[in-house]
Amino acid sequence: MPPSSLTSAPVLPELEELLNEPQRDAVAHKDGPLMVFAGAGSGKTRVITFRIANLLACHRVPPYRILAVTFTNKAANEMRSRLEHLVGADVTRDLWVGTFHATCARLLRRYHEVVGLARDFVIYDDADQRALMNRVLKALRIDEKRFPPKMLLSMIHGYKQQGLGPSEAPQNDPFEKVAAQAYEAFQKHLLTANAVDFDDLILHAVRVAEARESIAGAELRSRFRYVLVDEFQDANPIQYRLVKALASEHHNLCVVGDDDQSIYRWRGADVRIIRGFQRDFADATTVKLEENYRSSSNIVRAALGVIQPSRERVPKELFTSNPPGEPIRVIAARDERDEAAFVVTTVRQALEHGVEPRQIAIFYRIHAQSRVLEEALRSENVPYQIIGGTRFFDRAEIKDLLAYLRVLANPRSDVDLLRIINVPARGIGQASVDRIVATANRLDKSVYDVLQQHLDACGLGSSPAKRVLSFRGLLEHLRDRSQDLGPRDLAEQVIDATGYATALQRENTPEADARLENLREMLGSLQDYEDEAEASGEPPTLEGYLERVALVSDIDQLDDGGRVSMMTVHAAKGLEFDIVLVTGVEEDLFPYRSNSSLLDPGDVEEERRLGYVALTRARKFLFVSHAAVRTIFGTTRYCRPSRFLTDIPPDVVEDTLSPGLSSARIRVDVTAELASQRARSHDLGAETNRLPRAEPGRYVERDIVDAEPSDDVPLERGTRVKHVKFGEGQVESVETTVSPPVAVVFFPGWGKKRIVATFLRPA
DNA sequence: TACAAGCGCCTTTTT
DNA sequence: GGCGCTTGTA
């Protein structure tokens, strides 16, 4: 359809307030490649949903010809529900809205034979992959010490993201040769098991879509008249290839994103893809949304201060018409407990002033920080919920039950079968399992086939063989039942007939009770699935449930508004709150640096973007805290305030002391130090991100007591102090970024001296 | 075979 | 500090 035929159509009124006229035309009516740069808080999701709604409502594009891809289920659900509001559920039902993986899975159920899979293939998660890789290494006699499975899997992951098959994998050194060998065997086993991993979902779909000579390929390339991608800055190369292929016939590829919010480089996202889109599609229209409707202008300015030193960003001028609002509060705390005390006090005050808990969020860089915060909140009876963390479907008992169900759906899935062959314990030991697996490898059969037809070839003793036979009988029984039972009832049968429930009841411990409770919760999740399937007019099937579970990270967090939220900054992307508290804003924690590795400039850039994401989540109040001493992973370290703090313009900041520091017998004036650090960095203009610089081995591991000043006067600029050798002097400045803290003191007759604070006494 | 003590490691996380 | 994996012992 030529662009001109679209432009005469009307536009949904809601789009008017968000965009100026040329932007509106482009988003609502324009065909061809379209790229929308949407700054934080600028209404990104609104733009993409309105484009879809406009295509449906004003241009009469059939819904099944539109594909909208997201990265998370949450984003997909949200988009779908917004569209239901705009154009009605009966229209949106036929839209293709989903995550990359769910969309590919759906396509592959249709085109499975093109890539050699059966229709009922199963999806392996990370743990399944590890189990499979261990088996592959054993069979190939590869030394796990020299070639850690984790590293091989990550190399394979890399190849798949580049679209390289086993035969195309590089083989330049011995390591790569082993990796290529493992890759080939790994894929062979997946195929035998009729299984795919997450990367394969995309990769297989790309293979189908790119196949020049195939009917399926041609069909797929012309299937979608409009393809839209949300959060495009998170795309990895293979995902980009996929959407390019899917849009190759109609050229209506619309991508929406913000390179400043690209925070998933470590999992393959390549920010250069969004930055290079205009180069790849010379005829693309670019729209920039630069007005932030979310945050106070102080918050916007603070966030801009953090992102601006970034070197390679696409130029954008984020602005807001909102009033300045409250200053950003930067809190210097003594240690992580003191920081947590500050957080709790602040949250309580907000709640007492009538702020709803759902409007308050506490962020941290890594999960390990959450425990101390949790304890503090719990002791003060502040209701909280943790978003993310250990996932329901990662629990052992849930994975066990799922493994049973997956074996029933697809008996060839060896990883699942081996997981449950002796769970609950039924006397089939490692030795027996090894023999069965060796036989399967030798005959090139699945383990299930070996149990069925080649048990005598395993060379088992008579009593192990008897037990294996009884396990085989159990599986047969359950497979029979799976014919006439719904997924939920079948799962209940599994829990009973396998003796799993009995084994847990016999344990009679709180842990076992919790596991039973989790199993019941999973039955609830099966029930939900059945109800939903019936409501949408589809028959509930075991396969349907398994696919859903494989592609959903968690049972949807019940979003009960009565709790304060805690989460990592990564989990916070896409959310917004009136009050945000960002904790642990210290060098080596945020930006994060692991014990071993140095920060390369690319890492710092990504951490900087992460900082930008954190700050832009706040609407009205923003608190940023750092501790002078932090115990994490069992060791205590001295911490300097993050370089990002010095990038926040000083005039939007108000420095604050934590409860611990303001009541300390001696006050080491951290805030004054921070202020002077900030003043210095601003003298240097745009180079602010250079200060202070990360260096290896900076942390001193020492007993925490050393950090606590032994004196009882506030030690800050102007304080009169006495020193054993130099006599009386006056403090000029205090450095708390070194440990123990050091003061620069002017002693008449001696001049300026740097003195460790503990050697000073009040004059 | 099963359980317990010991070692080593440590982001972020969806799907 | 805590989890997962390995090794050692009953």
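Convention: sequence-line order gives letters A, B, ...; per-chain numbering from 1. On a predicted model such as this, the values are computed, not experimentally measured, just so you know. FYI, side chains are in, hydrogens and waters are out, and symmetry mates aren't considered; it's all heavy atoms of this structure.
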Task: d(CG, Asn422(A); P, dT1(B)) in whole Å - done: 8 Å
Open item on the list: Measuring to OP1 and OP2 of dT14(B), would you say a side-chain N or O of Thr99(A) lies under 4.0 angstrom away?
Closed with: no
Task: Arg630(A) CZ to dC10(B) P, straight-line distance once rounded to whole Å - done: 20 Å
Open item on the list: If the condition is side-chain hydrogen bond (donor to acceptor under 3.5 Å, both in side chains), which residues does Tyr124(A) pass it with, not counting sequence neighbours?
Closed with: Ser413(A)
Open item on the list: Anti or syn, where syn is a glycosidic angle within 90° of 0; which label fits dT11(B)?
Closed with: syn
Task: Leu108(A) CG to dT15(B) P, straight-line distance once rounded to whole Å - done: 18 Å
Task: Nearest-angstrom distance from the residue atom CG of Asp197(A) to P of dT15(B) - done: 16 Å
Task: Side-chain N,O (Asn73(A)) to OP1/OP2 (dT15(B)) below 4.0 Å - done: yes
Task: Terminal contacting nucleotides, 5' and 3', DNA chain C versus chain A (heavy atom, 4.0 Å) - done: dG1(C) to dC5(C)
Open item on the list: Using 30° and 60° as the class boundaries, would you call the ring planes of Phe100(A) and Phe71(A) parallel, tilted or perpendicular?
Closed with: tilted
Open item on the list: If you define the side chain from C-beta out and look only at heavy atoms, does anything of Val69(A) sit under 4.5 Å from Gln239(A)?
Closed with: no
Open item on the list: Closest approach to the side chain of Arg267(A), judged atom by atom: which nucleotide of dT12(B), dT11(B), dT14(B) is it?
Closed with: dT14(B)
Task: Ring-on-base stacking dT12(B) with Trp266(A) (under 5.5 Å, under 30°) - done: yes
Task: Value in whole Å for how far the P atom of dT11(B) lies from CD1 of Ile366(A) - done: 8 Å
- [ ] Starting from the 5' end of DNA chain B, give me the residue, Ala431(A) or His570(A), whose nearest nucleotide shows up first.
- [x] Ala431(A)
Open item on the list: Measuring from the side chain of Leu551(A) (C-beta onward, heavy atoms only), which nucleotide among dT15(B), dT1(B), dT12(B) has the closest atom?
Closed with: dT15(B)
Task: Between dT15(B) (C1') and Asn77(A) (CG): distance, integer Å - done: 14 Å
- [ ] Using a 4.5 Å cut-off on heavy atoms from C-beta on, say whether the side chain of Arg110(A) contacts that of Arg119(A).
- [x] no
Task: Polar side-chain contact Arg365(A)-dT11(B) base: donor and acceptor under 3.5 Å - done: no
Open item on the list: Within the 4.0 Å heavy-atom criterion, would you say Ala105(A) contacts the bases, only the backbone, or no part of the nucleic acid?
Closed with: nothing
Open item on the list: Enumerate the salt bridge (charged side-chain N to carboxylate O under 4.0 Å, His left out) contacts for residues 96-106 of chain A, please, sequence neighbours excluded, ordered by first and then second residue.
Closed with: none
Open item on the list: Applying a 4.0 Å non-hydrogen cut-off, can you work out what Arg130(A) is touching in the nucleic acid: base, sugar-phosphate, or nothing?
Closed with: sugar-phosphate
Task: Single hit among Arg608(A), Arg265(A), Arg593(A) for side-chain hydrogen bond (donor to acceptor under 3.5 Å, both in side chains) with Asp603(A) - done: Arg265(A)
Open item on the list: Out of the candidates Arg419(A), Lys399(A), Arg406(A), only one should pair with Asp128(A) under the side-chain hydrogen bond (donor to acceptor under 3.5 Å, both in side chains) rule; please name it.
Closed with: Arg406(A)
Open item on the list: Can you measure Leu546(A) atom CG to dT15(B) atom P for me and round it to whole angstrom units?
Closed with: 17 Å
Task: Sugar-phosphate only, base, or nothing, as touched by Phe198(A) at under 4.0 Å among non-hydrogen atoms - done: base
- [ ] May I ask you to check whether Glu339(A) and Thr583(A) show a side-chain donor-acceptor distance below 3.5 Å?
- [x] no
Open item on the list: Taking the nucleotide of DNA chain B with the nearest heavy atom to each, does Ala425(A) or Leu201(A) sit closer to the 5' end?
Closed with: Ala425(A)
- [ ] Can you tell me the distance, in whole Å, between the CG atom of Leu242(A) and the C1' atom of dT15(B)?
- [x] 14 Å
